[in-house]
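Here is the structure we will look at, set down as structure tokens.
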Amino acid sequence: MLLSRGCGILPPSPFADFGQRLPRNSSTISGKKPIYRLGRPRKSSPLSPVSTNTATRRVNMTAQVRVRFAPSPTGALHIGGGHTALFNWLWARHTGGRFILRIEDTDRERSTREYEETILAGMRWLGLDWDEGPDVGGDFGPYRQSERLELYRASASRLVDEGKAYCQDGAVYFRIPAGKTIAWDDVVYGPIEVDGDTLRFDTQNTAPKDLVLLKSDGYPTYNYAVVVDDAGMAINTVIRGEDHIANTPKQILLYEAFGWPVPRFAHLPMILGADKKKLSKRHGATSIYEYRDLGYLPDGAFNFLALLGWSPGDENEICSRREAVELFELSRVTKRAAVFDMQKFAHVNQAHLWRTPPEELVELLRPLWKARGLDPDRFDAAWLARALELLGGRGQTTLEVAEYSDYFLSFDAVTARYDGADLPEETRRSLRPFYAGLLELPTWHHGAMEAYAKQWGEEHGAKMKDLAMPLRWVLTGRKVSPGVFDVAVFLGREEVGRRLGHYRLLPEA
RNA sequence: GGUCCCGUCGUCUAGUGGUCUAGGACACAGCCCUUUCAAGGCUGCGGCACGGGUUCGAACCCCGUCGGGACCGCCA
């Protein structure tokens with residue numbers, strides 16, 4: 001007798017089970033058994049063994065780790081999503097496991113293919129790659145929920161046939177069993193126990209309310225689809241935001257109703273804005289792309305995101321992707337929500353920025369220089385690289401570096417912001433002999449310039465500052481720059497003469 | 001209203017009963033370097049939310065209080 005027959009949205013032939021597809025053993029992937037710790041060793045607690053009330057089946061712990069990131073394509077990849085994706089990726093790579101990407105596009109109103117592509121691009125920008133997903137395929141597809149509708153219907157049908165679910169008002173509801181205690185040992189948060197009966201009522205705890213599995217449009221609800229998909233994709237470690245802790249009991253109930261092995265859960269601390277509220281549009285740049293456009297580097301963003309809720313352990317927080325993969329431990333993830341601190345982000349980015357080989361930096365800056373109306377292609381790449389080395393450490397983002405280095409590429413950039421009006425004619429007159437002498441120095445070297453400046457200053461009662469600052473302004477158009485003599489040496493005798501001449505700081509010819 | 005989670009310098013964190021007069025990083029202040037600003041080095045400022053208990057001993061274990069957060073949808 002198939003009860004599902006009376007349900008319009010369910011298919012006539014039920015009995016969907018992923019039993020055969022569930023993880024057997026890790027032997028399929030390279031013979032070696034990955035060694036890893038899942039969770040820090042905890043003292044025995046009254047809650048463990050975790051579940052006596054519920055028949056919790058656990059996945060085979062020696063199996064290869066399979067984790068997933070499952071974004072909804074309803075917007076660009078934001079900080080929170082990037083953080084979750086990053087930790088999943090880190091754990092997969094650390095353990096030699098598989099990182100699966102699944103698109104949760106069951107919100108028909110808001111999901112678009114464009115956003116999906118934007119999210120994938122955002123992940124690629126962060127340097128995250130995945131082993132299975134909508135674009136690369138895999139043995140557990142399809143990887144878009146909108147393409148898995150039959151799976152949800154078939155499984156729901158099975159529950160209806162088994163009397164664990166029922167149809168009403170065109171939807172399928174899961175009968176939340178009474179008198180259950182649901183418990184799991186969260187890899188990050190430790191033992192969590194929930195009275196299952198608290199899940200059986202609506203918001204005001206007045207009327208009983210079961211769990212909708214399939215909406216009347218035939219689409220699955222989130223909590224249901226997640227279970228069908230995670231089980232079907234043989235996900236054995238679910239790493240996601242802490243806001244999902246409250247969803248976990250419902251999902252465990254579904255795993256149990258189906259008789260599917262319950263995965264390990266590892267919830268990640270939330271990321272908050274400076275006001276300690278969940279990060280949102282109000283906090284400014286929230287999409288990962290906004291930081292890219294602000295001049296942040298993928299390595300910087302990666303490093304900073306990794307530092308939210310985790311630390312490498314030693315004193316140095318600046319680390320490469322490789323080091324992070326090596327050092328990462330899920331068991332070392334913290335519980336407390338982390339505030340997203342822009343200043344620290346900028347600092348971490350700066351560290352990565354100036355570790356980038358100058359030749360690579362040149363290529364990163366080329367488009368930014370062009371956007372500022374400069375023409376880097378006119379110069380030798382090696383010369384530009386040396387200019388950046390000269391800038392050494394100044395600037396926290398590529399955008400800032402492009403700005404701070406403009407006077408190397410164009411004198412127009414200098415004249416546009418500095419008109420020399422702060423130089424009284426008298427000052428000009430007294431300085432002219434000095435600059436004239438500078439240009440005639442037998443050797444065009446930093447040491448020679450400095451010695452000359454010192455000597456000239458002593459003879460004419462001028463401080464080094466009085467000589468150097470006007471030169472800095474004339475050469476760079478700024479009051480801040482690398483050492484002026486270094487800049488002068490680098491720009492060359494002729495160019496320095498030209499800039500001095502423009503500001504009438506040389507004797508009339 | 002209910003359920004759950006969290007609580008170490010302003011921020012990110014180390015810390016799992018004695019090695020903690022609590023360590024590091026960002027920020028801030030000062031010094032060194034120096035023609036400026038960075039970078040770098042050094043120094044300083046600053047914290048175990050509170051109250052009980054357990055213990056010879058508690059940031060760490062237990063209880064309570066307070067504070068913050070998440071979730072309770074035919075959104076994900």
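Per chain, numbering begins at 1; letters A, B, ... match sequence-line order.
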So what does A:A246 touch, heavy atoms closer than 4.0 Å: a base, only the sugar-phosphate, or nothing?
-> sugar-phosphate
Rounded interatomic separation in angstrom, taking CG from A:D197 and C1' from B:C4 = 16 Å
Nearest-Å distance once atom P is located in both B:A49 and B:U34 | 45 Å
Salt bridge present between A:K463 and A:E458 (N-O < 4.0 angstrom) | no
Over how many whole Å does the gap from A:Y407 atom OH to B:C37 atom P extend?
-> 15 Å
Side chain A:E242 and base B:G69 donor-acceptor under 3.5 Å | no
Shortest non-hydrogen pair, A:A351 vs A:I318, comes out as CB-CD1, 3.8 Å
Which of B:A76, B:U35, B:C5 is nearest the side chain of A:I192? It is B:C5
For atom CZ of A:F174 and atom C1' of B:G73, their distance in whole Å = 18 Å
What nucleic acid atoms does A:D169 come within less than 4.0 Å of, heavy atoms only: base, sugar-phosphate, or nothing?
-> base
Look at A:K479 and B:U35 and indicate whether a side-chain polar atom (N or O) is within less than 4.0 Å of OP1 or OP2.
-> no
Is the ring centre of A:Y296 less than 6.0 Å from the ring centre of A:F304?
-> no
Determine the Euclidean distance between corresponding C1' atoms of B:C20 and B:C48; express it in Å to zero decimal places.
-> 10 Å
NA contact type, A:S481, heavy-atom cut-off 4.0 Å: base, sugar-phosphate, or nothing?
-> base
Whole-Å distance between B:C12 P and A:L272 CG?
-> 8 Å
Ignoring backbone atoms, test whether A:R336 places a side-chain nitrogen or oxygen under 4.0 Å from the OP1 or OP2 oxygen of B:C5.
-> no
Counting just side-chain N and O atoms, does A:K463 come under 4.0 Å of either OP1 or OP2 of B:U36?
-> no
Against the side chain of A:H347, the closest entry in B:C37, B:A76, B:A25 is B:A25
May I ask which nucleotide in the shown strands pairs with B:A22, Watson-Crick or G-U wobble, both distances under 3.5 Å?
-> none
If only side-chain N and O atoms of A:K215 are considered, is one of them under 4.0 Å from the OP1 or OP2 phosphate oxygen of B:G73?
-> no
Scan A:V484 against the nucleic acid and name what it touches under 4.0 Å (heavy atoms): base, sugar-phosphate only, or nothing.
-> base
Looking only at side chains, do A:D185 and A:Y189 share a donor and an acceptor under 3.5 Å apart?
-> no
Assert: residue with more 5' nearest nucleotide on RNA chain B, out of A:M464 and A:L307, is A:L307
Closer than 4.0 Å, any side-chain N/O of A:R110 to the OP1 or OP2 of B:C75?
-> no
Please state whether the base of B:C74 and the side chain of A:S216 form at least one donor-acceptor pair under 3.5 Å?
-> yes
Could you check which of B:U36, B:A25, B:C5 has an atom nearest any side-chain atom of A:Y189?
-> B:C5
A:E317 near the nucleic acid: base, sugar-phosphate alone, or nothing, with a heavy-atom cut-off under 4.0 Å?
-> base
C1' atom, B:G69 versus B:C62: distance in rounded Å?
-> 24 Å
What does A:G241 touch in the nucleic acid at a heavy-atom separation under 4.0 angstrom: a base, only the sugar-phosphate, or nothing?
-> nothing
Looking at every strand, decide which applies to A:P249 at a 4.0 Å heavy-atom threshold: base, sugar-phosphate, or nothing.
-> nothing
How is A:L471 classified with respect to the nucleic acid when contacts are heavy atoms under 4.0 Å: base, sugar-phosphate, or nothing?
-> nothing
Would you kindly give the CG-to-P distance between A:D466 and B:U36, to the nearest whole Å?
-> 12 Å
Considering only heavy atoms and no angle criterion, is a donor-acceptor pair shorter than 3.5 Å present between the side chain of A:K344 and the base of B:A27?
-> no
So what's B:C33 paired with, Watson-Crick or G-U wobble, going by both distances under 3.5 Å?
-> none
Under 4.0 angstrom between A:K209 side-chain N/O and B:C74 OP1 or OP2 = yes
What does A:Y173 touch in the nucleic acid at a heavy-atom separation under 4.0 angstrom: a base, only the sugar-phosphate, or nothing?
-> base
Using whole Å, report how far CD of A:Q350 lies from P of B:A25.
-> 16 Å
Between A:T106 and B:A76, does any side-chain N or O lie under 4.0 Å from OP1 or OP2?
-> yes
Assert yes or no for the condition that the ring centre distance of A:Y166 to A:F174 is strictly below 6.0 Å.
-> no
N/O (side chain, A:R200) to phosphate O (OP1/OP2, B:G2) under 4.0 Å | no
Any Lys/Arg nitrogen of A:E256 or A:K180 sitting under 4.0 Å from an Asp/Glu carboxylate oxygen of the other?
-> yes
Closest to the A:S311 side chain: B:U35, B:A76, B:U13?
-> B:U13
Between A:W310 and A:F87, ring centroids under 6.0 Å | no
Salt-bridge contact A:D406-A:R478 (side-chain N to carboxylate O under 4.0 Å) | yes
For A:F340 and B:G10, give me the distance from atom CZ to atom C1', rounded to whole Å.
-> 17 Å
Pairing partner (Watson-Crick or G-U wobble, both distances under 3.5 angstrom) of B:C61 = B:G53
Select base, sugar-phosphate, or nothing to describe what A:D195 touches, counting heavy atoms under 4.0 Å on all strands.
-> nothing
Between B:G10 and B:C45, how far apart are the P atoms? Round to whole Å, please.
-> 14 Å
Could you state the atom-to-atom distance from CG of A:L253 to C1' of B:C71 in whole Å?
-> 16 Å
Nucleotide forming a Watson-Crick or wobble pair with B:G67, both distances under 3.5 Å = B:C6
A:I245 or A:V339: which one's nearest nucleotide on RNA chain B is closer to the 5' end?
-> A:I245
Short N-O contact, A:R386 and A:E389, less than 4.0 angstrom = no
